[in-house]
Amino acid sequence: MKLFKFAFLILVTQVRHLYMAYQCYRQYGINLPHGSVVNDISAIKIGDGFTLGENCFLFCQDPDAGSSLTIGNRVALNTGVTINADFGGEIDIGDNVIIGPDVVIRAANHIYKEPSVCIRDQGHEPGYIIIEDDVWLGARVIVLPNTKIGKGSIIGAGSVVTRSIPPYSVAVGTPATVIKHR
């Protein structure tokens, strides 16, 4: 009986993924590459010329809580990118943005203020992320909530964006610090 339940759960998961892929294709004409997941396509706006690599994850599952994910025209995601606008978070990505492999963009963070309560039971604090036009995020960049990356900026590989970056800046490090202007 346990084997049957396990097999049924796998089947339901596969059917759900196929349905999400169908919805993504129907709404935007995008074929999801191997391993990529889009939840909830009805709460995500995607511009023309959008491309994504394998194993990318786009999450925006709480539109009633204020979650929103907007992706502009000609945005390219390399492999393994995670963009998460759940828990009331808002992410706005401009046009002509290049996002390198294994980048994580997450607009909400765990609440941890009360030490007597488990962190996982304290919920999330929503935030926003704005990535303006013509930005390049290098491999394995992490963009944290309540940040804005200005137009034409470059964020170096492995950097962690914890505060806003002015337009036409090159920023690197943990936390990302502006080292020069373009």
Side-chain angles (χ1 to χ4, degrees), residues 13-14 16-21 23-25 27-28 30-47 49-63 65-112 119-120 123-132 135-149 153-165 171-176:
T13 301
Q14 289 176 340
R16 183 171 179 253
H17 178 72
L18 287 172
Y19 180 72
M20 286 186 302
Q23 290 290 84
C24 194
Y25 180 77
Q27 189 163 347
Y28 293 108
I30 298 168
N31 285 318
L32 289 181
H34 173 76
S36 292
V37 174
V38 177
N39 283 335
D40 166 0
I41 192 67
S42 65
I44 300 172
K45 295 180 181 109
I46 300 174
F50 173 75
T51 59
L52 73 161
E54 292 184 346
N55 301 311
C56 289
F57 301 96
L58 305 178
F59 298 110
C60 188
Q61 299 180 82
D62 306 311
S67 296
S68 68
L69 173 55
T70 303
I71 299 173
N73 298 316
R74 297 185 61 215
V75 172
L77 278 56
N78 208 311
T79 59
V81 173
T82 298
I83 301 175
N84 189 327
D86 285 347
F87 307 111
E90 300 175 44
I91 299 175
D92 188 2
I93 300 173
D95 297 335
N96 301 304
V97 173
I98 303 168
I99 300 177
D102 301 318
V103 167
V104 175
I105 302 169
R106 183 175 165 94
N109 218 340
H110 291 277
I111 297 171
Y112 55 88
I119 293 170
R120 72 177 296 155
H124 292 80
E125 184 173 331
Y128 68 89
I129 295 172
I130 299 170
I131 301 172
E132 293 186 335
V135 167
W136 173 21
L137 303 179
R140 296 193 171 147
V141 165
I142 298 172
V143 182
L144 296 177
N146 304 318
T147 57
K148 179 178 179 180
I149 301 174
S153 291
I154 299 169
I155 310 298
S159 298
V160 179
V161 179
T162 60
R163 59 183 172 259
S164 294
I165 305 294
V172 298
T174 305

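Throughout, residue positions are numbered sequentially from 1 according to the sequence presented.
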Is there side-chain contact between [X] and [Y], with heavy atoms separated by less than 4.5 Å?
| X | Y | answer |
| --- | --- | --- |
| Phe50 | Leu77 | yes |
| Val161 | Ile129 | no |
| Ile93 | Ile83 | yes |
| Asn146 | Tyr128 | yes |

Rounded to the nearest 0.5 Å, how far does [atom2] of [Y] lie from [atom1] of [X]?
| X | Y | atom1 | atom2 | value |
| --- | --- | --- | --- | --- |
| Asp95 | Asn73 | CG | CG | 4.5 Å |
| Ile131 | Ile149 | CD1 | CD1 | 4.5 Å |
| Ile119 | Tyr112 | CD1 | OH | 9.0 Å |
| Ile71 | Ile46 | CD1 | CD1 | 5.0 Å |
| Lys148 | Asp92 | NZ | CG | 10.0 Å |
| Glu132 | Ile165 | CD | CD1 | 12.0 Å |

So, the side chain of [X] versus the backbone of [Y]: is there a donor-acceptor pair under 3.5 Å, distance only?
| X | Y | value |
| --- | --- | --- |
| Ser36 | Gly53 | yes |
| Asp102 | Ala139 | no |
| Thr51 | Ala76 | no |

Could you tell me which non-hydrogen atom of [X] sits nearest to which non-hydrogen atom of [Y], and how far apart they are?
| X | Y | value |
| --- | --- | --- |
| Pro145 | Gly127 | CB-CA, 4.3 Å |
| Cys60 | Ile44 | CB-CG1, 3.7 Å |
| Gly80 | Cys56 | N-SG, 4.0 Å |
| Arg74 | Asn96 | NH1-OD1, 3.0 Å |
| Ser159 | Ala176 | CB-CB, 4.2 Å |
| Phe59 | Leu69 | O-CD2, 4.4 Å |

Please assess Leu137 against Ile105 for the test side-chain contact (heavy atoms from CB on, under 4.5 Å), listing each intermediate value before the final yes or no. CA-CA 10 Å; Leu137 303 179; Ile105 302 169; 4.0 Å; yes

Report the relative orientation of the aromatic rings in His110 and His124; use parallel for angles under 30°, tilted for 30 to 60°, perpendicular for over 60°. tilted

Got a sec: does the CD1 of Ile111 have more than 12 other heavy atoms crowding it under 6.0 Å? yes

Apply side chain to side chain donor-acceptor pair (under 3.5 Å) to Asn84 and list each qualifying residue two or more places apart in sequence or on a separate chain. none

